[in-house]
Amino acid sequence: GHAIHNLKIDGVAFDADGKPDTKTSKIAVSLFGFVGEKGTIKNLSIASDCELRALNYASGVAAVNYGKVFNCKNYAKITTTDKYAAGIVALNQGGATVEQCYNAGHIVTGGSYAAGIAAYSLGTVRNSQNDGYILGDSITPGRKAGAQQDHLKFCHLGRLQREAAEADPAAAAVQRQNFATALASRL
């Protein structure tokens with residue numbers, strides 16, 4: 001396989017108040033922005049010395065997948081200031097497949113849809129494992145809420161950690177503010 005090292009993509013721009021600028025920030029930040037229906041990415045590793053950040057749709061391998069992602073690994077830190085952060089694929093479309101993939105990277109979102117493998121999936125995710133730390137308001141096992149269970153097959157979610165936004169909304173609000181402050185301090 002191939003290993004990607006030292007990849008740093010920061011797609012978040014900030015306004016004068018230090019908040020993420022939704023007009024100039026990038027979406028779909030990943031090694032591959034989009035994988036087409038006939039596309040296949042396989043045998044690829046994103047190393048821990050990589051870091052990718054976007055407003056929405058950030059992942060190590062493919063931001064949006066219409067094809068197949070097979071035997072890929074992510075060890076990098078993936079961050080979104082709003083939503084859809086994942087180690088492998090941020091958005092896995094219907095008919096798309098993510099298979100035999102692994103995430104050990106730190107996945108952080110300032111909002112919702114964070115997962116080790118696929119943040120939001122209408123396709124199939126199977127034989128994959130997450131051992132990375134996941135932080136966000138809504139931690140997903142890689143499928144759309146209410147989607148059929150067969151979309152997620154034979155996967156091990158490892159150390160999937162849900163921040164207690166439902167149990168303690170005040171603590172979640174402080175967490176979001178700390179996250180925004182940490183992002184702003186990196187400028």
Side-chain angles (χ1 to χ4, degrees), residues 1-11 26-80 82-109 112-134 136 139-160:
H2 301 282
I4 304 299
H5 289 276
N6 299 312
L7 176 67
K8 310 276 190 220
I9 302 175
D10 189 349
K26 305 292 183 208
I27 61 170
V29 169
S30 186
L31 181 62
F32 297 95
F34 295 87
V35 177
E37 288 179 16
K38 295 181 181 179
T40 298
I41 299 173
K42 63 182 180 178
N43 304 327
L44 178 68
S45 292
I46 309 298
S48 62
D49 58 3
C50 298
E51 187 171 346
L52 298 100
R53 182 170 75 157
L55 183 68
N56 293 306
Y57 302 106
S59 66
V61 178
V64 180
N65 180 35
Y66 289 89
K68 185 173 184 177
V69 176
F70 180 79
N71 192 34
C72 292
K73 298 170 181 66
N74 177 66
Y75 300 93
K77 182 175 182 183
I78 309 295
T79 306
T80 60
D82 191 16
K83 56 191 169 199
Y84 304 110
I88 305 299
V89 172
L91 175 59
N92 196 45
Q93 294 287 7
T97 301
V98 175
E99 187 172 2
Q100 293 184 15
C101 291
Y102 177 76
N103 176 65
H106 193 98
I107 310 301
V108 179
T109 183
S112 57
Y113 299 104
I117 305 301
Y120 191 92
S121 182
L122 297 170
T124 299
V125 177
R126 77 179 114 189
N127 300 327
S128 297
Q129 179 171 331
N130 173 61
D131 286 325
Y133 179 76
I134 313 297
I139 309 300
T140 66
R143 65 181 174 84
K144 177 184 174 192
Q148 296 176 7
Q149 280 289 55
D150 64 353
H151 285 258
L152 191 65
K153 298 178 181 180
F154 308 110
C155 294
H156 176 64
L157 301 178
R159 298 181 343 190
L160 186 65

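Considering only heavy atoms from C-beta on, Thr79 stays 4.5 Å or farther from Leu52 through its side chain. Between Ile46 and Val61 there is a side-chain heavy-atom pair separated by less than 4.5 Å. Between Phe32 and Leu44 there is a side-chain heavy-atom pair separated by less than 4.5 Å. A 4.5 Å side-chain heavy-atom check between Ile41 and Cys72 finds at least one atom pair inside the cut-off.
Among all heavy-atom pairs drawn from Ala90 and Ala119, the shortest one is O-CB, 3.3 Å. Residues Arg126 and Thr97 come closest through the heavy atom pair NH2-CG2, 3.7 Å. Between Cys50 and Asn6, the closest heavy-atom pair is SG-N, 3.6 Å. Scanning all heavy atoms of the two residues, the minimum distance from Val35 to Ala62 falls at CG2-CB, 3.7 Å. Contact record, Gly33 with Ala63: O-CB, 3.2 Å, taken as the closest heavy-atom pair. Between Ala104 and Tyr75, the shortest heavy-atom contact is CB-CD2, 3.7 Å.
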For Leu31 and Ile4, run side-chain contact (heavy atoms from CB on, under 4.5 Å): C-alpha distance rounded to whole Å, both residues' side-chain angles, the deciding distance at 0.1 Å, then the answer. CA-CA 9 Å; Leu31 181 62; Ile4 304 299; 3.8 Å; yes

Practice task
Show your reasoning for whether side-chain contact (heavy atoms from CB on, under 4.5 Å) applies to Ile117 and Val98.
Solution key: CA-CA 8 Å; Ile117 305 301; Val98 175; 3.7 Å; yes

* **side-chain contact (heavy atoms from CB on, under 4.5 Å) between Val125 and Asn92, worked out** => CA-CA 9 Å; Val125 177; Asn92 196 45; 4.1 Å; yes

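Counting only N and O atoms by type, the side chains of Thr109 and Thr80 include a donor and acceptor under 3.5 Å apart.
The residue from Asn65, Val64, Leu91 that alone fulfils the side chain to side chain contact (heavy atoms under 4.5 Å, CB included) condition with Phe34 is Val64.
Residue pairs meeting the side-chain hydrogen bond (donor to acceptor under 3.5 Å, both in side chains) criterion with at least one member in residues 30-43, sequence neighbours excluded: Ser30-Ser59, Asn43-Asn71.
Going from atom CD of Gln93 over to atom OH of Tyr66 covers 4.0 Å, rounded to the nearest 0.5 Å. Expressed to the nearest 0.5 Å, how far CD of Gln129 lies from CG of Asn103 amounts to 10.0 Å. The CD atom of Gln100 sits 7.5 Å away from the OG atom of Ser128 when rounded to the nearest 0.5 Å.
Between Tyr120 and Tyr84, the ring planes are perpendicular. Angles over 60° get that label, and only those under 30° would be called parallel.
Proximity of a side-chain donor or acceptor of Ser121 to a complementary backbone N or O of Gly123 within less than 3.5 Å is detected. Distance alone, capped at 3.5 Å, is enough to place a donor-acceptor pair between the Lys8 side chain and the Asp49 backbone. Using a distance-only test at 3.5 Å, with no hydrogens or angles considered, a donor-acceptor pair links the side chain of Asn56 to the main chain of Lys83.
The side chain to side chain donor-acceptor pair (under 3.5 Å) check on Tyr102 picks up Asp131, with sequence neighbours excluded.
In this structure, Ile9 places its CD1 atom where more than 12 heavy-atom neighbours from other residues, nucleotides or ligands lie under 6.0 Å away.
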